[in-house]
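On a predicted model such as this, the values are computed, not experimentally measured, just so you know. By convention in this document, chain letters (A, B, ...) are assigned in the order of the sequence lines, proteins followed by strands, and residues within each chain are numbered from 1.
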There are 2 protein chains.
Amino acid sequence: MSNNEGKTKPRGRPQRADARRNRERLLSAARTVFATNGANASLQGIAREAGVGIGTLYRHFPSRENLYTAVYEHEVDHLVALAASRTQAPDPVAALRDWLQALVSLVATKTGMISALAISAETKSAVSQATSARLIDALGSLLDRCVTQKLLRDALSARDVLHAVVGMCLIQTEPDWQQRVAPMIDVLIDGLRRPAGD
Amino acid sequence: MSNNEGKTKPRGRPQRADARRNRERLLSAARTVFATNGANASLQGIAREAGVGIGTLYRHFPSRENLYTAVYEHEVDHLVALAASRTQAPDPVAALRDWLQALVSLVATKTGMISALAISAETKSAVSQATSARLIDALGSLLDRCVTQKLLRDALSARDVLHAVVGMCLIQTEPDWQQRVAPMIDVLIDGLRRPAGD
DNA sequence: TCAATATACGGAGGCGTCCTCCGCTTTGTA
DNA sequence: TACAAAGCGGAGGACGCCTCCGTATATTGA
């Protein structure tokens, strides 16, 4: 699915057993803590929750972005797979719409993931760029098909659309925010439709 | 223009001269520092820049949001006035579009203002709500007119549109980001247009 | 002009977070 | 079993937040 970035580094020698174990503990703790306290949660707290020293956390995940990437790797995998499975869908625009809604749903259940995406977009570290690129590619495959079939205009790049949707999610705070974003996505897609006579 | 929220508190006795002076120094310093270092800049740094103790800063602006509100009050005033001046424009959709672009332009020149708006949206303090409400009202007056004249569907509330646009700006990082957002706004408005035959 | 007093100032201090560094421990191997 | 290599942990220095209170200053009334 994903190249093993950060998961098991292709070193000369395999990782030691305790290191592997601690890594898993950290990921598990981070998932919980990010979901509870948001993406700005204290890293010390995560290490504590994992029963591990702070130094160990920083060795496995040198930066906050590295931790984000690893924690949400499965989710990104899922979205990439979803896009791949719909590249032959009979209605490409619906496929695009569904994918964006899936992104929103996913992000809605994983408190902290949006902020993680946003923070990743800000700090242009290589690891964040990679995650971002995977999502853009997935979205791009769906969007391109709509454009090629002249169902949508070519007004926005996949990157733009992704940024727009992530941005919309970012400022939402109410518990029902997912219901607020859904119509925004519909409007955005409607805005990309070709005028009837074109 | 604006009610004097935070500017000159209607106390029994007028503010002391040194207090007034320090307040201006703080605002001036905050404007500079926010523009340079973004909205997360250190408050200690602002106090230092202003040549004032940290305690003085906190007395004048008990929370970060208070400082944001005061710093960007003029900008919000400007947007409110702009909306008021266009409520009779011949083309209401163009007026709406222009206003949103003006918002983006303003925000583009004032590094830190978007984050300030976003942070204000998150922390639902009364003072932030007030600023937010002023912008929503301004935008609402333009949007309502489009809807009343059946030029646009009322699929989104003014609040939704504002959030969408602010969100779009929020994740932009490149220097040319304003050029990237402009077409997004156009697409959004196109998505709100009624189908030709409606 | 000179107290007297309300008002405002400043910054030390307590707390929490970030991240690095390095002496000690554990694991895998010969 | 012994010895590297790999990994662990947490103390420590830096920084930012915000409060609290002793000190200073502007204003006012006599």
Side-chain angles (χ1 to χ4, degrees), chain A residues 6-30 33-34 36-68 70 112 115-116 119-120 122-123 125 127, chain B residues 6-30 33-34 36-68 70 112 115-116 119-120 122-123 125 127:
Chain A
K7 192 144 198 176
T8 39
K9 304 162 194 171
R11 293 187 173 182
R13 302 293 150 83
Q15 219 174 15
R16 247 168 62 172
D18 53 348
R20 240 177 351 253
R21 182 167 39 77
N22 283 334
R23 184 172 208 280
E24 286 314 310
R25 284 183 181 172
L26 279 167
L27 280 178
S28 167
V33 173
F34 283 152
T36 308
N37 303 347
N40 290 321
S42 151
L43 296 185
Q44 325 260 327
I46 290 174
R48 203 181 316 124
E49 178 81 15
V52 143
I54 186 64
T56 299
L57 186 150
Y58 276 98
R59 192 169 329 95
H60 283 287
F61 307 102
S63 77
R64 192 173 269 269
E65 284 76 41
N66 276 273
L67 188 51
Y68 289 155
S115 317
I119 297 173
S120 297
E122 277 181 48
T123 70
S125 60
V127 55
Chain B
K7 193 141 197 177
T8 39
K9 304 162 192 170
R11 295 186 173 181
R13 300 293 149 84
Q15 219 175 15
R16 246 168 64 173
D18 53 349
R20 236 174 359 250
R21 183 167 39 78
N22 283 334
R23 183 171 209 280
E24 287 313 310
R25 284 183 182 174
L26 279 166
L27 281 177
S28 167
V33 173
F34 283 151
T36 309
N37 303 345
N40 290 320
S42 152
L43 296 184
Q44 325 257 333
I46 291 175
R48 203 180 318 125
E49 179 80 15
V52 145
I54 185 65
T56 299
L57 185 150
Y58 276 97
R59 192 169 330 95
H60 284 285
F61 308 101
S63 76
R64 193 174 269 270
E65 284 75 44
N66 276 274
L67 188 50
Y68 289 155
S115 317
I119 296 172
S120 297
E122 278 181 48
T123 70
S125 60
V127 54

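What you find for B:A47 and B:L26 is that their closest heavy atoms are CA-CD2, 4.2 Å. Across all their heavy atoms, A:Y68 and A:A39 have their closest contact at OH-O, 2.5 Å.
We find that CZ of B:R20 is positioned 16 Å from C1' of C:dC9, with the value rounded to whole Å. If you take CG of A:L43 and P of D:dG10, they are 17 Å apart, rounded to a whole angstrom. In this structure, the CZ atom of A:R25 is 14 Å from the C1' atom of D:dG9, given to the nearest Å. We find that CZ of A:R48 is positioned 10 Å from P of C:dC18, with the value rounded to whole Å. The CZ atom of B:R21 sits 10 Å away from the P atom of D:dT27 (whole-angstrom rounding). Taking atom CZ on A:F61 and atom P on D:dG9, their separation rounds to 14 Å, with Å as the unit. Spacing between atom CG of B:L26 and atom C1' of C:dA8 amounts to 13 Å, rounded to whole angstrom units. Summarising the geometry, the separation between CD1 on A:I46 and P on C:dC19 is reported as 12 Å, rounded to the nearest angstrom.
Note on A:H60: a side-chain N or O is less than 4.0 Å away from OP1 or OP2 of D:dC8. At the phosphate of D:dC17, OP1 or OP2 sits under 4.0 Å from a side-chain N or O atom of B:S42. The shortest distance between the side-chain N/O atoms of A:R64 and the OP1/OP2 oxygens of C:dC18 is below 4.0 Å. In this model, the phosphate group of D:dG7 is not approached by any side-chain N or O of A:N22 to a distance below 4.0 Å at OP1 or OP2. In this model, the phosphate group of C:dG10 is approached by a side-chain N or O of B:T56 to a distance below 4.0 Å at OP1 or OP2. A close approach under 4.0 Å does occur between a side-chain nitrogen or oxygen of B:R59 and OP1 or OP2 of C:dC9.
Of the candidates D:dA26, C:dT27, C:dC19, the closest approach to any side-chain atom of A:D18 belongs to C:dT27. Distances were taken from every side-chain heavy atom of B:Y58 (C-beta onward) to each of C:dC19, D:dA26, D:dC17; the shortest belongs to D:dC17.
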(Q) side-chain contact (heavy atoms from CB on, under 4.5 Å) for B:R25 and B:H60? Distances and angles first, verdict last. (A) CA-CA 11 Å; B:R25 284 183 182 174; B:H60 284 285; over 6 Å; no

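In terms of position along DNA chain C, the nucleotide closest to B:I54 lies nearer the 5' end than the nucleotide closest to the other residue of the pair B:I54 and A:Q44. Judged by closest nucleotide on DNA chain D, B:G45 is the one of B:A17 and B:G45 placed further toward the 5' end.
Panel note: side chain A:R59, backbone A:A19; no donor-acceptor pair is recorded below 3.5 Å.
Residues A:T36 and A:V33 form no side-chain contact, since every pair of their non-hydrogen atoms from C-beta on lies 4.5 Å or further apart.
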